[in-house]
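What follows is one structure encoded as C-alpha cells, with my remarks underneath.
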Amino acid sequence: MPAFTEAFIESRDFKTELSASAASAFVAEGFDASVGRVNASDRPDLADFQCNGALAVAKAAKANPREVAAKIASHFDGDTRLDKLEIAGPGFLNFTLSHGALSDRANALASDPRIGAPKVAQRRKVMIDFGGPNVAKEMHIGHLRTAVIGESLKRTLRFLGDEVIGDAHFGDWGLQMGQLIVGLSEEQPDLPYFDAGFTGPYPAESPVTLADLGRIYPKSSARIKAKDADFLAAARKATKELQDGRPGYRALWQHFVVVSREALKRDYAALGVEFDLWYGESDADPYVEPMIADLKAKGLLVEDNGAQVVHVARPGETRKKKLDDGSVVEVPSPPPLLAVSSEGSAMYGTTDVATIVQRQKEFGPDLSLYIVDQRQAEHFEQVFRTAYLAGYAQEGQLEHAANGTVNGPDGTPFKTRDGGTLKLGDLISQAVEKANARLHEAGLGEGLSEDAFADTAHKVAVAALKFAELSNHRLTNYIFDLDRFMSFEGKTGPYLLYQAVRMKSILRKAGEQGLAAGLIAVAEPAERELVLLLDGFDNALKETYLKRAPNILADHVYRLAQGFSKFYAACPVLVGEDAALKASRLGLVSLTLRQLELGLDLMGLSAPDQM
RNA sequence: GCACCCAUAGCUCAGCUGGAUAGAGCGUUGCCCUCCGAAGGCAAAGGUCAGAGGUUCGAAUCCUCUUGGGUGCGCCA
C-alpha cells in the first residue's frame with residue numbers, strides 16, 4: 001500500500017501541471033525536481049501562480065537567482081497556457097495564464113463529472129471511528145465536533161475513492177455500566193434484573209427512560225468522584241459480573257443501550273450524520289479474552305501491582321515523576337497500557353485494542369482514523385503501540401485525528417447560563433428556531449409551503465452550526481457562540497447557501513427564458529478569478545485529504561462562494577444582447593453551482609432551492 | 001513535578017513543506033439596489049505575528065530559552 005503522501009492523489013489542476021513543467025525545467029538545468037513546486041501567487045495583482053525554486057537553488061549553485069529563473073523561464077517559451085511569465089523581485093517566477101487556457105479549463109471542468117475533484121491512485125479501506133458517544137449520556141456540544149468533522153472526512157475520503165466505513169463506536173461497556181446498574185438497583189431494588197435467582201424471561205419493556213439514565217448517571221459519577229468507596233466497589237463488581245455474562249445484568253444493559261441509542265440516532269439524523277456501523281465497545285468483548293491470552297503468549301503482558309499491563313515505552317523513553325513522598329523517579333513514557341485491572345476487568349484501553357483486532361478480522365482496514373478529543377492522545381499512543389507490538393496492525397495504520405475542545409465565551413469548556421451542559425438536541429432546536437425567525441425577518445421564503453419552509457429553516461440552521469465547526473482547524477480550541485454563528489452574515493454556512501440559491505435562481509430564470517449554458521469564454525477579471533478558484537478545488541480536496549483537515553475544504557467553498565458573489569456583482573448574466581456572452585456566463589454559473597453543491601455535500605451540507 | 005498543545009487586527013479565527021505589501025469574518029467609517037435575490041458587493045482604518053536569542057540571502061512559519069494560557073499523567077471512559 002502506498003504511503004499517504006501527495007503522490008497518492010492524482011491531480012489535474014494548473015498547480016500540478018505547472019509544477020510538473022517547472023520540475024522538468026529545473027531537472028534539465030541540473031537541479032532537483034522538488035524545487036519546481038508552483039503555488040497560487042501571493043500577489044494576485046501580479047500573477048496567477050508563482051515558483052520560488054530559483055531562490056532555493058541559487059545559493060548551492062553559486063548562481064544569481066534571477067539568472068537561474070531566466071533559464072527556467074526559457075523552457076516555457078511558446079507555452080500556450082501562459083499569457084506571460086515574468087521574473088520578479090529576487091527571482092520569483094510569476095505565471096499569468098492566458099484567457100484561452102482558463103476558458104479551456106473551465107470547459108473541461110464543466111464536462112468533468114467530478115467537477116475537478118482529484119482521485120486516489122489506489123483505493124484503500126479506511127475505518128473512521130467517531131469515538132464513542134456514551135450510553136446514558138445525551139450528547140452535548142463536544143460531540144458536535146467529532147460528528148461534524150468525522151462526517152466530512154468520511155465523505156471526502158469516500159469521494160476521492162477510498163472505501164470508508166464509519167463506526168459510531170458507542171461507549172456501552174466498562175465501569176459506567178456498573179454505575180448505572182448499581183444506581184438503578186438502589187432506586188428500584190425489586191426489579192427482577194437484580195434477583196440472581198430469577199430464571200426469566202425478563203420484561204421486554206425498558207424499566208428506565210433516557211431521562212432516568214440521565215439522572216442516575218451523573219449522581220453515581222459524583223459519588224465516585226467523591227470517593228464513595230462502597231459505591232465504587234459495588235459498581236466495579238457489577239461491571240465485572242456484567243462482562244462475565246450475568247443474565248439479569250445483560251438484560252438490563254440491553255435496555256440501557258437501546259434507550260440511549262434512540263436518542264443518539266435522533267440527534268445524528270438531525271445533523272445529517274450517518275454511520276455504517278453502530279458498533280459499541282461491547283462488540284469487541286468477545287475478542288478480549290483470546291487477545292489477552294495472545295498478549296500473554298507473546299510475552300507482552302506483565303504483572304504489576306495485581307494488574308496486567310503492557311509496556312509500550314521504548315528503551316530510553318522515560319519521564320520524571322514526583323511521588324507523594326516528594327522523591328522523583330524515572331518512569332516509562334508513555335506509561336504502560338493497563339490491560340486487566342486487579343479486579344480482572346477489561347479496561348478502556350483493552351477494549352480499544354480488542355476493537356483493532358476485531359476490525360482487522362472483519363474488515364482489514366489499511367487505515368483507521370480516530371476522530372477523538374486530543375485529550376486522549378496519550379491513551380491512543382498506548383493503544384496503538386500495543387497493537388503494533390502485538391502485530392494487530394502495521395506501523396502507521398492507526399491514526400488519532402485529534403480535535404480540540406469547544407469552549408464557551410469565557411474560554412472555559414462550554415456551559416449554559418445556569419452552569420449545566422447544553423444538550424445537543426436542544427442546541428439544534430435553538431438553531432432551527434433562530435433560522436425560522438431570521439427567515440421571517442428577512443422576508444425570505446414567503447412563497448414556500450409550510451413543509452418547504454421548515455426544511456429550509458432546518459438546512460440553514462444545520463449549515464450555520466456545521467460550517468462554524470468546520471471552518472476552524474480541527475485542533476483549535478475554539479469558542480462556541482451561537483449568536484455569532486447564527487448571524488447569517490459574512491463567513492457563515494447560510495452565506496454559502498444563499499449564494500447557491502442565487503445561482504439556482506439565475507438558472508431557473510434562464511430556463512424560463514429559454515436560455516441555455518454554452519461554451520465558457522473567460523474575459524472579465526471576475527471571471528478569471530472565478531475560474532482560478534474552480535481550478536483550486538483539486539488542491540483543496542487533496543490537502544483536506546492528506547491533512548485530515550476539513551477547514552481547508554470549508555475555506556475553498558467559502559472563497560468560491562465569494563468569488564461567485566463578486567462575479568455576480570460585476571458580470572450580468574441574463575441582461576444584454578450578446579447571446580454567446582450569456583451562454584458563457586450561464587455555463588460558468590452552472591459549473592460554479594455544481595462545484596459549490598459538491599463542496600457543500602462533502603461538508604455534509606445541502607442548499608435549498610429557495611430561501 | 002513531568003509531558004504534549006497553544007499565543008497572529010478591538011473580537012472570533014485562517015495562514016505555519018521558510019520567500020515579494022501577514023489574510024478572512026465580525027465590529028467601526030464611507031459608498032453601491034429605475035439592473036439576474038443587499039443574508040450581497042466595493043473601499044478605508046486597524047497588526048513590533050507573546051517576548052528574547054539563534055539558523056538563513058530571507059522567519060508568523062525551523063531551533064533554544066523566557067513569560068502567559070490549555071490539556072494529560074495505571075486500576076474512569
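Just so it is clear: chains get the letters A, B, ... in the order the sequence lines come, proteins before strands, and each one is counted from 1.
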When you compare the protein's N or O atoms with those of nucleotides 29-32 of chain B, which come within less than 3.5 Å of each other, and at what distance?
none

Expected rows: protein N/O vs nucleotides 23-25 of chain B N/O, under 3.5 Å:
| unit_1 | atom_1 | unit_2 | atom_2 | d |
| --- | --- | --- | --- | --- |
| B/G25 | OP1 | A/Q562 | NE2 | 3.4 |
| B/G25 | O2' | A/K491 | N | 3.4 |

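Across the protein-nucleic acid pair, A/I479 atom CD1 and B/G69 atom P stand 16 Å apart, rounded to whole Å. The distance from atom CD of A/E378 to atom C1' of B/A77 is 15 Å, rounded to the nearest whole Å. B/U71 atom C1' lies 8 Å from atom CG of A/N477, rounded to whole Å.
By the 5.5 Å and 30° criteria, A/Y498 is not stacked with the base of B/G40.
Of the candidates B/A38, B/C42, B/C13, the closest approach to any side-chain atom of A/R502 belongs to B/A38. Taking only side-chain atoms of A/Y568, from C-beta outward, the nucleotide of B/A38, B/U12, B/A39 with the closest atom is B/A38. Listed nucleotides B/A39, B/G74, B/C73 differ in distance to A/P494; the shortest reach to its side chain belongs to B/A39. Looking at the side chain of A/Q176, the nearest of the listed nucleotides B/U71, B/A77, B/A20 is B/A77. Comparing B/G72, B/A20, B/G74 by their nearest atom to the side chain of A/L46 picks out B/A20. Set against B/C13, B/G19, B/G40, the side chain of A/F92 has B/G19 as its closest nucleotide. The listed nucleotides are B/G41, B/C5, B/C36; the one nearest the side chain of A/A569 is B/G41. Distance from the side chain of A/K566 is smallest to B/C42 among B/G72, B/C42, B/A77. Distances from the side chain of A/L175 to the nucleotides B/G74, B/C13, B/C76 place B/C76 closest. Comparing B/A77, B/G40, B/U12 against the side chain of A/Y495 picks out B/G40 as the nearest.
Base contact: A/N94 has a heavy atom under 4.0 Å from a base atom. Backbone-only engagement by A/S565 is indicated by non-hydrogen atom pairs under 4.0 Å involving sugar-phosphate atoms exclusively. Here A/G171 lies out of heavy-atom contact (under 4.0 Å) with every strand. At the heavy-atom level, A/C51 lies nowhere under 4.0 Å from the strands shown. No contact: A/V340 has no heavy atom under 4.0 Å from any strand. Residue-level contact check: A/Q382 touches neither bases nor backbone, having no heavy atom under 4.0 Å from any strand. Backbone-only contact: A/R236 has heavy atoms under 4.0 Å from sugar-phosphate atoms and none from a base. Looking at heavy-atom distances under 4.0 Å, A/H473 makes contact with sugar-phosphate atoms alone, never a base. Note on A/A56: a base of the nucleic acid sits closer than 4.0 angstrom, heavy atoms only. The residue A/A307 sits close to a base: some heavy atom pair falls under 4.0 Å.
For the pair A/R438 and A/E489, the salt-bridge criterion is met [side-chain N within less than 4.0 Å of a carboxylate O]. Between A/K582 and A/E577, no side-chain nitrogen of the basic residue sits less than 4.0 Å from a carboxylate oxygen of the acidic one, so the salt-bridge criterion is not met. Remark: A/K491 engages A/D555 in a salt bridge, criterion side-chain N to carboxylate O under 4.0 Å.
Both A/P90 and A/N551 sit near RNA chain B, but only A/N551 has its closest nucleotide nearer the 5' end. Nearest-nucleotide mapping onto RNA chain B: of A/P335 and A/I552, the residue sitting toward the 5' end is A/I552.
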- prompt: Where each pair must be Watson-Crick or G-U wobble with both distances under 3.5 Å, what dot-bracket representation of RNA chain B is obtained, with crossing pairs in [ ] and other-strand partners as |?
  reply: (((((((..((((.....[...)))).(((((.......))))).....(((((..]....))))))))))))....

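Regarding the sugar-base torsion, B/G15 falls in the anti class, its angle being beyond 90° of 0.
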